[in-house]
Amino acid sequence: MNNSIPYYTLNNGVKIPCIGIGPGSVLRGKNVSVPLVGKFGFVGKIVNKVVNKVYFLYKSRKYVASLANSLRLGYRLIDYSAAYGNENLIAKAISKAGLKREDVFITSRVTNKQQYDGQVRDALFKSLKNLGVSYIDLYMFHWPVTDHFIDTYKEMEKLYKEGRIKALGVCNCHQHHLQKILDECEIVPALDQFEVHPLFTQKPLIDFCKKNGIQVEAYTPLARNDDRLQKNLILKGLCKKYNKDLAQIILRWDFQNGVLPIPRSSNFKRQASNINIFDFKLLDEEMNAIDSININSRLRFDPDNLDFHSVG
Ligand SMILES: NC(=O)c1ccc[n+]([C@@H]2O[C@H](COP(=O)([O-])OP(=O)(O)OC[C@H]3O[C@@H](n4cnc5c(N)ncnc54)[C@H](OP(=O)(O)O)[C@@H]3O)[C@@H](O)[C@H]2O)c1
């Protein structure tokens, strides 16, 4: 536990940090290619392969340094998914930060492909091996894959009972997905991770989760720096009043709503400022004013309108 940040308590008693870091995939961004070298056939291909290998090593080092920095700053929850690949980098960052496995709350997710292939058990053991751990704090499925997510969840329930998972979560679930789980499965999910930010506040879904004891975790919490938030006068006014930046106001709004945000930042200064949200309090009317920014603008995919083969 880190005493400098508050923790929420999940419906099975497990404590979870009220903010996390979502480092994303090291594979994010394009591959590099040396100009014109592609014209040299086989040799060109080899050169580009070597260049990309070196580039990947460089990116991996930066990634580990960045995640280790966030842990040193006080983040204790890492949001991850097997779909992002390279889970071994998470273990490297924890050790680089000088922390023990039990100091950190590790999240991972079953990929859609693993769900289609019915490999949930194998998926978990693969993640455990890659992460170099004997349990995962919070295990979820990445998407509620139609005709598969109930079977996936039931398999996750078994792994939970075997002690390999400390808390069972889900991801990208609408109310009807959650209701199906509540109706057909044994264990109420401890958490649902889905898109939440001031342009897309998801009030009805959050209310449903709260009513059923399901913790809400907000992904894309900063709306990836969307221009419409940068220019918003309500948010600008609050930044000025509290001498905080836009991200801090939004993350504080999450915290006061009982929501757990997982912002991504590889920038050391922004990692520090994003966690510096516990020394001020928004008034009720300011919370309502931020709620009123909502225009139901979803920036990521809608699970009700998605080819699950194309993501996660
Ligand atoms: N389950 C799912 O399907 C799903 C989908 C999407 C995301 N996620 C999770 O949620 C995490 C975060 O979501 P996201 O990456 O989509 O969006 P986000 O956290 O809303 O935005 C990330 C972007 O905001 C910038 N940023 C961070 N802090 C900032 C600050 N204080 N001021 C200005 N810019 C700032 C980052 O740039 P710098 O790095 O330069 O700071 C980055 O470009 C992911 O890493 C992942 O763990 C899950």
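Note that ligands are numbered from 1 as they come in the structure, with each ligand's atoms numbered from 1 the same way.
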Worksheet item: Which protein non-hydrogen atom lies closest to atom 21 (O) of ligand 1, naming both residue and atom, and how far is it?
Response: R224 CA, 3.5 Å

Worksheet item: If every non-hydrogen atom of K244 is compared with every non-hydrogen atom of D279, which pair is closest and at what distance?
Response: NZ-OD1, 2.9 Å

Worksheet entry | Ligand-residue contact atoms, ligand 1 with P263, heavy atoms, under 4.0 Å | 19 (O)

Item to complete: Just go through F268, Y219, F301 and tell me whose heavy atom is the nearest to atom 4 (C) of ligand 1.
Response: Y219

Practice prompt. Around atom 13 (O) of ligand 1, find the nearest protein heavy atom and jot down its residue, atom name and distance.
Written response: T220 N, 3.2 Å

Practice prompt. Within a distance under 4.0 Å of any heavy atom of P221, pick out the atoms of ligand 1 and give their elements.
Written response: 19 (O), 20 (O)

Response to the item:
among protein heavy atoms, the one nearest atom 3 (O) of ligand 1 is N172 ND2, 3.0 Å

Discussion item. To check your reading of the model: name the closest protein heavy atom to atom 45 (O) of ligand 1, its residue, and the distance in Å.
Written reply: G22 O, 2.7 Å

Fill in: atom 20 (O) of ligand 1 [closest protein heavy-atom partner, distance rounded to 0.1 Å]
L222 N, 2.8 Å

Item to complete: Report the nearest protein non-hydrogen atom to atom 12 (C) of ligand 1: residue, atom name, distance rounded to 0.1 Å.
Response: I262 O, 3.2 Å

Item to complete: Among all protein heavy atoms, pick out the one at the shortest distance from atom 34 (N) of ligand 1; state its residue, atom name and that distance to 0.1 Å.
Response: N225 ND2, 2.7 Å

Response to the item:
ligand 1 atoms nearer than 4.0 angstrom to some heavy atom of R109 are 1 (N), 48 (C)

Worksheet item: Using a heavy-atom cut-off of under 4.0 Å, does the side chain or the backbone of S266 touch ligand 1, or both, or neither?
Response: both

Practice prompt. Run the numbers for me: atoms of ligand 1, each under 4.0 Å from some heavy atom of G24, listed by number.
Written response: 45 (O)

Discussion item. Between the side chains of D291 and K203, is the shortest nitrogen-to-carboxylate-oxygen separation below 4.0 Å, so that they form an ion pair?
Written reply: yes

Worksheet item: How close do V196 and W253 get, heavy atom to heavy atom, and via which atoms?
Response: CG1-CH2, 4.3 Å

Discussion item. Out of H142, R270, H197, K269, who is nearest to atom 37 (O) of ligand 1 when you count heavy atoms only?
Written reply: R270

Worksheet item: In the protein, which heavy atom is nearest to atom 31 (N) of ligand 1, and how far is it?
Response: N274 OD1, 2.8 Å

Worksheet item: Where does the angle between the aromatic ring planes of F141 and F149 fall among parallel (under 30°), tilted (30 to 60°) and perpendicular (over 60°)?
Response: tilted

Worksheet entry | Axial cation check for Y135 ring with K166, 6.0 Å and 45° limits | yes

Discussion item. Under a 4.0 Å threshold between the charged nitrogen and the carboxylate oxygen, would K231 count as salt-bridged to D227?
Written reply: yes

Worksheet entry | Which atom of A65 lies closest to which atom of K96, heavy atoms considered | CA-CE, 4.1 Å

Discussion item. Within the 4.0 Å heavy-atom shell around D79, which atoms of ligand 1 are there?
Written reply: 9 (C), 46 (C), 47 (O)

Response to the item:
Nearest heavy atom to atom 15 (O) of ligand 1, choosing from E195, E217, R264, Q248, belongs to R264

Discussion item. Closer than 4.0 Å to some heavy atom of A247 - which atoms of ligand 1 meet that?
Written reply: 30 (C), 31 (N)

Fill in: Aromatic F200 / basic R300 pairing, under 6.0 angstrom, 45° off normal
no

Worksheet item: Looking only at atom types and distance, does a side-chain atom of R252 sit under 3.5 Å from a main-chain N or O of F255, one as donor and one as acceptor?
Response: no

Worksheet item: Can you name the closest pair of heavy atoms from R298 and P303 and give their distance?
Response: NH1-CD, 4.1 Å

Discussion item. Which of the numbered atoms in ligand 1 are under 4.0 angstrom from any heavy atom belonging to C171?
Written reply: 1 (N)

Response to the item:
Honestly, for Q193 the part within reach of ligand 1 (heavy atoms, under 4.0 Å) is side chain

Worksheet item: Considering distance alone, does some N or O of A223 sit under 3.5 Å from an N or O of ligand 1?
Response: yes

